[in-house]
Amino acid sequence: MRLGEAEVYVCPACKQRMQVRIVQQRGEEVLEGLLACPCGAEFPIADGIPDLVFPRQLATSDLEAKLWYDANADVYDENLHLTFDTFREDEQRVRSRLVDRLELLPTQRVLELGAGSGRDSVLIADRLGTEGRLYLQDLSLAILRHSFPKMATQQVPTEFHVGNACHLPFSDGVFDAVFHFGGLNTFSDIGAFFSEVNRVTKVGGKVVAGDESMPVWLRNSEFGRVLMNSNPLYRYELPLQHLPVSCREVKLEWIIGGVFYVIEYRVGEGEPFADLDFEIPGIRGGTHRTRYHGLLEGVTEEAKSMAQAACARSGKSLHRWLDEAVRQAAARDLEGR
Ligand SMILES: C[S@@+](CC[C@H](N)C(=O)[O-])C[C@H]1O[C@@H](n2cnc3c(N)ncnc32)[C@H](O)[C@@H]1O
């Protein structure tokens, strides 16, 4: 970890700035030490890699994923071609297109979560220059280590850390783009993952995330059944319900034989815009907002018919007539108190 990067990291638990305590340093690089948070949490730095995993006691699915990738880190790169071979897809081409979706500029600051052995990381790095920054994270240090030699010849300054994609150790709005591919389905809290991703991405920044999911229309086909039998990860459903309200220009596509989804979007601010306050023409009247927020208790059918008849005679919309009638009655009763 470069010394200056202590500015970028925050405590993944409480999001406060942390103090770096150095035990061993080589130039700008902190080799051994720890990041200490005012909340009391401490995160070790060993061999230059901060361990920012939170919570320390991982949820079951995160722990299982970590243990699996720890155990299989050394054969991951050897075996991965099987997935692409199944669908006669060219891995480099597929990954390149995925990374293209980030629409990167060479000077941008990019975060890749669950980066694994760095197969996409090198393609992201190819699109960044010396003025850019790349942050690579994974829950398993064992697999992340396999990305070190791949990244060694890249010109973009790269920071590695061990962490949990559901609890990010970064301040708000520090990244131009965030990328993840391949681990999302088993993240213990997918809602927290997307919410954290949107928090650390600048407004207008790009997010690309994807994983396995057999499309619903193929689940009962032989294609679907055979593949889901070989790889139960295809059984996972799309995580669209977990997208935060700040997602804009959302695109969804199935790739790699049509059994992996990719969700791509830009981060906006809060909910999207809609004019909810213009007067809707017609007998009913009112606005989108008054129709939603202005509902009162129901009245008798007789009272409703009388109100409709009186309203028709007044030439006002039902909304305006009712609003005035309720105001008048309320003012009278409030004054009479
Ligand atoms: C299928 S691999 C994909 C690796 C790489 N992105 C790729 O496409 O080759 C899934 C990765 O997600 C990581 N992972 C799983 N759960 C995680 C979590 N909660 N936070 C961060 N990484 C996680 C695993 O350790 C593993 O490296």
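Just so you know, ligand 1 is whichever comes first in the structure, and atom 1 is the first atom listed for that ligand.
Look at Arg109 and Glu159 and you find no salt bridge, because none of the NZ, NE, NH1 or NH2 atoms lies under 4.0 Å from a carboxylate O. The residues Glu28 and Arg2 are annotated as not salt-bridged, no charged nitrogen and carboxylate oxygen being separated by less than 4.0 angstrom.
With a 4.0 Å cut-off on non-hydrogen atoms, Asp120 touches ligand 1 through its side chain and not its backbone. Counting heavy atoms closer than 4.0 Å to ligand 1, residue Ser188 contributes nothing at all. Of the heavy atoms in Asn164, both backbone and side-chain atoms come closer than 4.0 Å to ligand 1. Neither the backbone nor the side chain of Lys66 comes within 4.0 Å of ligand 1, counting heavy atoms alone.
Closest heavy-atom approach to atom 12 (O) of ligand 1 among the candidates Ala59, Gly114, Ala65: Gly114. Of the candidates Glu91, Arg95, His146, it is Arg95 that places a heavy atom closest to atom 8 (O) of ligand 1. Ranked by closest heavy atom to atom 10 (C) of ligand 1, the top entry among Tyr76, Phe187, Trp68, Tyr69 is Tyr69.
Nearest non-hydrogen protein atom to atom 20 (N) of ligand 1 is Ala165 N, 2.9 Å. Here the heavy atom of the protein found nearest to atom 25 (O) of ligand 1 is Asp138 OD1, 2.6 Å. In this structure, the protein non-hydrogen atom closest to atom 22 (N) of ligand 1 is Leu139 N, 3.4 Å. If you check which protein heavy atom lies closest to atom 6 (N) of ligand 1, you get Phe181 O, 2.6 Å.
Within 6.0 Å of atom CZ in Arg289, more than 12 heavy atoms from other residues, nucleotides or ligands are found, so the atom counts as buried in its surroundings. At most 12 heavy atoms of other shown residues, nucleotides or ligands fall within 6.0 angstrom of atom CZ in Arg320.
Under a 4.0 angstrom heavy-atom cut-off, Ala115 registers as being in contact with ligand 1. Residue-ligand proximity: Asp62 is placed with a non-hydrogen atom under 4.0 Å from ligand 1.
Near Gly163, meaning under 4.0 Å from one of its heavy atoms, ligand 1 places the atoms 20 (N), 21 (C). Listed by number with element, the atoms of ligand 1 under 4.0 Å from a non-hydrogen atom of Gly182 are 1 (C), 10 (C). Of all atoms in ligand 1, numbered sequentially from 1 with element shown, those under 4.0 Å from a heavy atom of Ile143 are 27 (O).
Where the criterion is an N or O separation shorter than 3.5 Å, residue side chain and backbone included, His180 fails it with respect to ligand 1.
Side-chain contact check for Arg17 and Ser171: at least one donor-acceptor pair (N or O, by modelled atom type) lies under 3.5 Å. Defined by atom type and a distance below 3.5 Å, a donor-acceptor pair is missing between the side-chain atoms of Asp277 and Thr287.
The same ILVMFWY cluster, assembled from side-chain heavy atoms under 4.5 Å apart, contains both Leu218 and Val259. Phe260 is connected to Trp217 through a chain of hydrophobic side-chain contacts under 4.5 Å among Ile, Leu, Val, Met, Phe, Trp and Tyr, so both are in one cluster.
Considering Ile124, Leu136, Leu128 as possible partners of Thr158, the one that fulfils the side-chain contact (heavy atoms from CB on, under 4.5 Å) test is Leu136.
Ring pair Tyr9/Phe43: centre-to-centre distance not below 6.0 Å.
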Margin query: With salt bridge (charged side-chain N to carboxylate O under 4.0 Å, His left out) as the criterion, how do Lys304 and Glu301 come out once you've worked through the C-alpha distance, each side chain's angles and the decisive distance to 0.1 Å?
Written below: CA-CA 5 Å; Lys304 183 175 172 183; Glu301 278 182 59; over 6 Å; no

